Amino acid sequence: MEKRVFSGFRPTGKQHIGNYLGTIQNCVSLQDEYDCIYCVVDIHALTTLEGTETLQKDIYEMVLDWLAAGIDPGKCILFVQSHVPQVMELHTLFSMVTPLSWLLRVPTFKEKVKIQPHNVNYGLVGYPVLMAADIALYKGEVVPVGEDQLPHLELTREIVRRFNSTYGYVFPEPQAKLTSFPLVLGLDGLLKMSKSYNNYIEIAAPPEEILRQVMTAVTDPARRYRSDKGHPDICNIFSLHKFFTPSRVEEIASECRTADIGCVDCKKMLARSISSTLEPFREKRAILASKPDYVTEILADGANRAEALAKETMKEVKDKMRLLQLKS
Ligand code: SF4
């Protein structure tokens, strides 16, 4: 039987090229190897959101992008965290076996306290407990993580281990599937592409918008005149060509070094490559978007399937904890 993968993603609205080349493509390929459960973690998002005005739209746009990019509900379960309320229940029960000292030493908690000192809410410190509940509720065995997320997963393993040793075995200890996501720099050429840095290109953007955005990107700063020879290895446009124009990368590098190509033409070429690579995605997205209830139907089906698993787990949990259960 295929191992079960669990992965959660904050609702960030329309996805950008960095999301596409990293997370989305990875999730699409995992669907064929594992029993995948993908969850939009809207409750986690509440720990840092200042307001929820755009939350529903962000979930819709993100899910639409994911479905158009190849996430297949026939191969995985795709749902929204809050649609399966048992996760909140397991979170509470896990909080009883989690020492506060474990949570206070989590580096990301300390960072968040610095970033939002005005909003150090209880959810922020309990975040790893909710994450453990997310994974354990569906008996996730494998969790794709970047190296920086390994400490979080280790905490999940500790919580699960503590529960199993206190009350009896219920949960597998999830293993990390170390995944190296490509570093996609933003249009500023300095920081990782991110909505927070406003340096991104949305994958659903029309070709003219992609061209407009690519033309604003920073290139090799030493190349000030058309006749200056360039250094493709330090140019972000070149790094994007590696993803979107793979058949011509060597040629582009050599033409840049000899100044046979200028940055304007090089950028136009990149914009065309991005647009043509994403054309099938845009077409599929437009078709899916034209079906008014498509996204909500997929999410409702995902929630039903996830909740069926969650109910089985919670029955086991309560049996082991000797909580008094009424016959249903
Ligand atoms: Fe970058 Fe292309 Fe300009 Fe070279 S020609 S510096 S690779 S944009």
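Every number for a ligand or one of its atoms is a count from 1 in the order of the listing. All values reported here derive from a predicted model rather than from experimental measurement.
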What's the shortest distance from atom 3 (Fe) of ligand 1 to any protein heavy atom, and which residue and atom give it? C263 SG, 2.4 Å
Structural part of C235 in contact with ligand 1, heavy atom criterion under 4.0 angstrom: side chain
Flag this pair as yes if the NZ/CZ of K320 is under 6.0 angstrom from the six-membered ring centre of Y167 and inside a 45 degree cone about the axis; otherwise no. no
Which atoms from ligand 1 have a heavy atom of I237 less than 4.0 Å away? 8 (S)
Tell me the nearest of E255, R257, R223 to atom 5 (S) of ligand 1, using heavy-atom distances. R223
Side chains of N304 and H83: donor-acceptor distance under 3.5 Å anywhere? no
Ligand 1 atoms nearer than 4.0 angstrom to some heavy atom of C256 are 4 (Fe), 5 (S), 6 (S), 7 (S)
What residue among I201, I237, L240, V218 forms side chain to side chain contact (heavy atoms under 4.5 Å, CB included) with L187? I201
State the atoms of ligand 1, each with its element, that fall below the 4.0 Å cut-off from a heavy-atom position in F238. 7 (S)
Answer with yes or no whether the side chains of R10 and T48 bring together a donor and an acceptor at under 3.5 Å. yes
Any side-chain heavy atom of D35 sitting closer than 4.5 Å to one from E141? no
Of all the non-hydrogen atoms in the protein, which one sits nearest to atom 2 (Fe) of ligand 1, and at what distance? C266 SG, 2.4 Å
Donor + acceptor pair across side chains of N236, S239 (<3.5 Å): yes
